[in-house]
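Have a look at the structure below, then the notes.
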Amino acid sequence: MIVEIQGGYRLRQNLGGLGIHPGDTVEVLQKGHFGGPVLIEIHGVKVAIGLGQVKKIEVEVDEE
């Protein structure tokens with residue numbers, strides 16, 4: 001679950017446009033190689049986001 005987005009207004013707006021908000025549950029599907037994008041699934045949609053943005057998203061891990 002996303003706990004917080006630690007970035008400015010522009011980052012929060014960009015991620016919000018992709019449906020990524022605090023409180024949402026996300027699943028990491030694939031990590032990019034050599035600092036490439038990370039593929040996640042949120043609200044049933046697959047989204048690739050850059051590593052710089054990923055580093056600013058604080059999550060709480062739910063291990064099943």
Query raised in the report: Just how far is it from atom CG of Asp62 to atom CD of Glu27, taken to the nearest 0.5 Å?
Result: 11.0 Å
Query raised in the report: When rounded to the nearest 0.5 angstrom, what is the spacing between CG in Leu15 and CD1 in Ile5?
Result: 5.0 Å
Query raised in the report: Quick one: side-chain hydrogen bond (donor to acceptor under 3.5 Å, both in side chains) partners of Glu4, sequence neighbours excluded?
Result: none
Query raised in the report: Is Val28 reachable from Leu18 through a run of hydrophobic residues whose side-chain heavy atoms are each under 4.5 Å from the next?
Result: yes
Query - Candidate pair Val59 and Val3, rule side-chain contact (heavy atoms from CB on, under 4.5 Å), full reasoning - result: CA-CA 5 Å; Val59 297; Val3 176; 5.6 Å; no
Which atom pairs, one a donor and one an acceptor, fall under 3.5 Å between side chains of residues 48-57 and the rest of the protein, sequence neighbours left out?
none

With a 3.5 Å cut-off and sequence neighbours excluded, list the donor-acceptor pairs that the side chains of residues 29-46 form with protein atoms.
unit_1	atom_1	unit_2	atom_2	d
His43	NE2	Gly19	O	3.2
His43	NE2	Asp24	OD2	3.3

